[in-house]
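Accompanying notes for the structure given below.
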Amino acid sequence: MAAVQVIRSEWTKMRSVASTVWTLSLALVVTVALGMLISALSNSQFGNMPVREQVSFDPTLVSFAGMGLGQLAMIVFGVLVVSNEYSTGMIRVSLAAVPQRGLFLFGKIAVAAALALAVGLVTSFAAFFLGQAVLGPHRASIGDPGVLRAVFGGGLYMTLIAMFSMGVAVMLRSALLSLGILMPFFFLISNILGNVDATKKAGRYLPDQAGGRIMEVVPRLGDDTPYGPWGGLGIMVLWVIAALAGGYVLLKRRDAQ
Amino acid sequence: MIELEGLTKRYGEKVAVDRLTFAVRPGIVTGFLGPNGAGKSTTMRMILGLDHPTAGDVRIDGTHYRQLKDPLTYIGALLDAKAVHGGRSAWNHLLCLAQSNGVPASRVAEVLDVVGLTAVARKKAKGFSYGMGQRLGIAAALLGDPRILMFDEPVNGLDPEGIHWIRNLMKSLAAQGRTVFVSSHLMSEMALTADHLVVIGQGRLLADTSMADFIRTNARSYVRVRTPQRERLLDVLHEAGITVVEAGGEALEVEGGKAERIGELAAQYGLVLHELSPQQASLEEAFMQLTAESVEYHAHAGPGPAPQDWGAGWKGA
């Protein structure tokens, strides 16, 4: 079966380069460590918070505070998995071995997404439990309403970020270009667009703004977001589909180089 | 068997490959010759379905590359030696290719052994020399035990031992009945390995001929003679029915002549000879004359070689 062959081949490719290990472990460590740090700070500073913030305090979301930085490592993972093929010239060898380009892309994305999901779920659960452990009296329990959904959602969010990055990298073919666009976008621009009043309404449909909603358990005060946690994740999925479809069309049409 | 029919590739206005039609047959080494930029690599990429032809068609054993199931078991190719992720070991590089085409993993060890890389199988490819990279690329081409092999400039950057090895490998692959298609920009290299020649220049087919025919037509042999008694020798040779071409300076070139006969004639008439040497025009020269008009990047140090009529005679061969 051709798809199985391609998946096995892509798994060999992925496990045999160092960048896979360091990007994914960085995603895990940064997300969990930063989440714990901010959880610990929140715990110690809770008394000094304005009442407004105390009321809407979301211990689950606080333990995911490292996600904003940790997702950058997921982006690097997604970009490198694809751009490695182009920067090394391996793409010509790969496409000569698997000339059905849709199948090639499917295999690569399936393996990378499965790996990102596994690491994402471990990261998400670790960030939650370790974050709650240092939140002291303010902690949430995994059994609380919406919490399990948020923790699972954290893993899905990281997977989708990696997949979106792969789609962008297939379109742009260059690591430098892809990272130069994705990193500042997700680290800065998206946050700015999502928080400035003028762009807030449009900004919340950006992939990370919409997808990140799944990790919120306690609703923000005065929140008028027109979609719920799963709706937000759905919007992110649409972004991912668009990026991958764009990548597929270009991969299919362009010469392999 | 590789069959090209009217294969064309255009990049905007520029035509890289221009209506190429020829077939590469099994059991022999077919040399694919042309100056740099003639379109050899582009043609090879189109054969592998990597580049889309603007027009025309290319088939592998009657099938389009993309329709081949497990293509590495039909055709193996070495395009560029460094097309390897430097952080991946030789073993894993070959393993991922083998897996994608359902080739058993045991075959990886076999081809590593054939190319002599067993000792460095687990080493990262970035530590490889150019020659080792070339061998790894050849191992990848052999992986699926294909009936057709294609090598793009395989001897480039290799040491003499490596060149010797590749020549013998190509010959033995052809002797096993496989189709071997190898590109080069060096006529001298092709003369040593190829049984058949396909010559292109600026993307156009210039010749599709057997090596033997090419040599017969182009390897002009003559005798070079120098004498202080030039006029007398010319008379003597003319009387004996020997045609002489006047070369530059005081030298004469005697087409197809036998040095012995000329020497005997000179002795008979008591003529002094300063030089009497059989010469063979190199195939390289013949190739340069053939492609002179189509060379894309001329050096401007001096006037280029002028194309001559005698090279045109076999173009249709």
Side-chain angles (χ1 to χ4, degrees), chain A residues 1-24 76-77 79-108 110-112 173 175 249-257, chain B residues 9 11 41-42 44-54 60 64-73 75-103 105 108 122 124-126 133 136-137 140-141 143-144 150 152:
Chain A
M1 182 57 200
V4 176
Q5 291 178 8
V6 175
I7 284 172
R8 288 179 62 199
S9 162
E10 289 299 327
W11 169 239
T12 300
K13 279 187 197 172
M14 235 158 275
R15 68 174 173 76
S16 61
V17 292
S19 59
T20 306
V21 178
W22 68 254
T23 48
L24 291 178
V76 177
F77 166 71
V79 166
L80 287 187
V81 159
V82 173
S83 68
N84 273 343
E85 292 268 357
Y86 290 97
S87 61
T88 59
M90 180 77 185
I91 187 72
R92 290 188 287 278
V93 180
S94 295
L95 287 180
V98 185
Q100 301 84 7
R101 298 189 180 181
L103 180 65
F104 167 74
L105 187 62
F106 164 79
K108 187 173 281 299
V111 172
R173 294 187 283 191
V249 169
L250 288 177
L251 179 69
K252 189 112 178 142
R253 283 177 41 185
R254 282 193 295 221
D255 291 339
Q257 46 202 319
Chain B
K9 180 71 179 178
Y11 298 105
S41 297
T42 307
M44 286 187 155
R45 286 202 303 272
M46 285 193 284
I47 292 173
L48 294 178
L50 295 174
D51 287 13
H52 306 291
T54 312
I60 314 295
H64 285 126
Y65 192 87
R66 253 172 230 207
Q67 258 96 56
L68 295 175
K69 189 186 175 293
D70 299 332
L72 299 186
T73 61
I75 173 167
L78 165 75
L79 286 191
D80 42 342
K82 281 290 172 185
V84 177
H85 189 296
R88 198 172 279 139
S89 69
W91 179 277
N92 280 324
H93 174 72
L94 294 173
L95 180 63
C96 73
L97 293 177
Q99 288 170 330
S100 70
N101 275 248
V103 173
V108 172
R122 301 287 178 180
K124 288 181 178 180
K126 65 179 152 210
L136 181 57
L143 196 60
M150 197 160 80
D152 194 7

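Every chain is numbered from 1, with letters handed out A, B, ... down the list of sequences.
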Region of B:Asp80 that comes under 4.5 Å of a non-hydrogen atom in chain A | side chain
Over all heavy atoms of both residues, which pair between A:Ala97 and B:Ser100 is shortest? Give the atoms and the distance, please.
-> CB-OG, 3.5 Å
Beyond-backbone contact of B:Thr54 with B:Tyr11, side-chain heavy atoms, under 4.5 angstrom = no
Scan residues 2-15 of chain A for pairs that pass salt bridge (Lys or Arg N to Asp or Glu O under 4.0 Å), counting only residues two or more places apart or in two chains.
-> A:Glu10-A:Lys13, A:Glu10-A:Lys108, A:Lys13-A:Glu85
Pair count under 4.5 Å, heavy atoms only, with chain A: among B:Gly49, B:Gly102, B:Gly87, highest is B:Gly102
Determine the option with the most heavy-atom pairs under 4.5 angstrom with chain A, choosing from B:Arg66, B:Met46, B:His52.
-> B:His52
Top residue by heavy-atom pair count (under 4.5 Å) with chain A, among B:Leu72, B:Asp51, B:Leu95?
-> B:Asp51
Which atoms of A:Arg101 approach chain B - backbone, side chain, both or neither, heavy atom under 4.5 Å | side chain
When heavy-atom pairs shorter than 4.5 Å are enumerated against chain A, which of B:Cys96, B:Ala140, B:Ala77, B:Gly137 gives the highest number?
-> B:Cys96
Residue B:Leu143 versus chain A: region with a heavy atom under 4.5 Å | neither
Chain A shares the most heavy-atom pairs under 4.5 Å, among B:Asp70, B:Leu79, B:Leu48, with B:Asp70
Under 3.5 Å donor-acceptor, A:Ser83 side chain and A:Val79 backbone = yes
Under 4.5 Å from a heavy atom of chain A, the part of B:Lys9 involved | side chain
Most contacts with chain B, counted as non-hydrogen pairs under 4.5 angstrom, among A:Gly89, A:Ser19, A:Ser16 = A:Ser16
Would you indicate whether A:Phe106, at its atom CZ, is surrounded by more than 12 heavy atoms from other residues, nucleotides or ligands within a distance under 6.0 Å?
-> no
To the nearest 0.5 Å, what is the distance between OG1 (A:Thr12) and CG (B:Leu94)?
-> 11.5 Å
Please identify each residue that fulfils side-chain hydrogen bond (donor to acceptor under 3.5 Å, both in side chains) with B:Ser89, with sequence neighbours left out.
-> B:Asn92
